[in-house]
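Reviewing the structure listed below.
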Amino acid sequence: MHPRPAHLPDFENPPVTEVLLGLQFAPVSGFQAVHLGLLWDRFRDAFPVVEEKPPLNAVFETFGIPAAAPEIRFELLQMPMLTRLWLKEPNDVQLIQFQTDRFIHNWRKVAVGQEYPRYEAIRERFTSEIEAVRTFLADHKLGDITPNQCEVTYVNLIESPENTNLGASLAEVFQIWSAEGQASLRFPTEDAGFTLRSVIRKDEDPIGRLIVSARPVRQPDGPVGIQLELTARGRPLPGTIQGAMEFLDLGRERIVQGFADITTPRMHNLWRRRQ
Amino acid sequence: MSGAISTRADRPAFNNYVWQSEPASRASRWQLLETTVAPSPTGWPRVSQWRWVESVVRQARTLARLRRGWDRHDGEPVRRDIVDFLPEVLGALNPDTPAPRIVPMSDGTLQLEWHVADLDLEIEIVEPYHLVVAFDDRRRRESREFEILSGDLSRLSEPIRRLTEGHD
């Protein structure tokens, strides 16, 4: 298994509820609807449950243009293309998604007490599944995968302790949020969220972004928690599976470091930080 | 947006909590965010500008459906990953930039062309993150050709600024 970098912050009980690793590539030409079923056969033992979803639009991180550049990637861009397959384990924990230009593996927490298997284990599955897809494509003379974008995302659910409302007091959770600043507001805060973006560079060149987003989520019986999502997305260099895995490893490091940097020591204690 | 899967019985349900089966892959959330960060220096894109952007993207989609040999030779349809990357290039334009002419190339790439007064600008999208740019400013007697081989599109800014000013 790929070794965990020794310098990374580590939590015994992190609030992570979902991790995904994804690869976007040039569309596989010649891939037809009939291939979807044949591809499922390769994964059927591990993922016997299948669903069809609308395809995802392509995404690219670019730089050097105004942040407020016209937004064009709306549904209009969607090309006529095959459906996106969801292949799931019966217990919903592991999910893989495939469309002609995308492969994604999701791990999801579906029960209290379910252990987070850690990035390295998810990475290992992702790598072997990608290889299985490549073998399938080769067997059917459909060419190979040429990655042009990849991403790793962690979704965390930070639940409010009893009788508190974290959604209204982000400073309890986030070091980058000022309690004093919030207290100086003329009106009390009902709830709050934020998004921040940071460029990921390789040899000074921008290759991707870390995107952090926090937003309140509410339980039916009252308590407000926070969903904290961290995504590292960018261009694999080189545009190979190896390059993609290197980006994903780098992105995961940024996410874990970013998570530790923006959250408070108080929360680290709650999540039992080990280093 | 789809993707909302109900939470589990053994865990208190969160009303707004959606299973992020495709969280950031469904980039529209982030993209929406980017558009709301701040207005561009010249203000929000005008309706007319949106209209031509839409038209350009539609044309590109159509070109991706060309039949092989559309040029009576071995012309390839425009590659879909190139059409997917087109919005990134259009994102470098500003609200006053005139609409480009879009030209399919026989090898499946796509070229954006502007021929305005004394200015010519051609941007060929060879593949995502690979652009070939030719700029000819006859008023200043300046011609440039360069390649962009990364996601940094800042080198497009100057030709586009001049093109936009020349158009005004």
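Each chain gets a letter, A, B and so on, in the order its sequence line appears, and its residues count up from 1. Just so you know, these numbers use all the heavy atoms, side chains as well, and skip hydrogens, waters and symmetry mates. Quantities reported herein were computed from a predicted structural model and do not represent experimental measurements.
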### Message
Please classify the contact of N148(A) with chain B as side chain, backbone, both or neither, using a heavy-atom distance under 4.5 Å.
### Response
both
#### Entry: Sub-6.0 Å ring centroid separation between W107(A) and Y116(A)
yes
### Message
Please determine whether side chain to side chain donor-acceptor pair (under 3.5 Å) holds for the pair D152(B) and S150(B), giving the CA-CA distance in whole Å, both sets of side-chain angles, and the decisive distance to 0.1 Å.
### Response
CA-CA 5 Å; D152(B) 185 353; S150(B) 74; 5.4 Å; no
### Toward chain B, the part of Q149(A) with a non-hydrogen atom under 4.5 Å
side chain
### Query
Can the ring centroids of F146(B) and F135(B) be said to lie less than 6.0 angstrom from one another?
no
### Query
Quick one: what part of S29(A) sits under 4.5 Å from any heavy atom of chain B, side chain, backbone, both or neither?
neither
### Message
I'd like to know whether the aromatic ring centres of F98(A) and F31(A) sit less than 6.0 Å apart in this structure.
### Response
yes
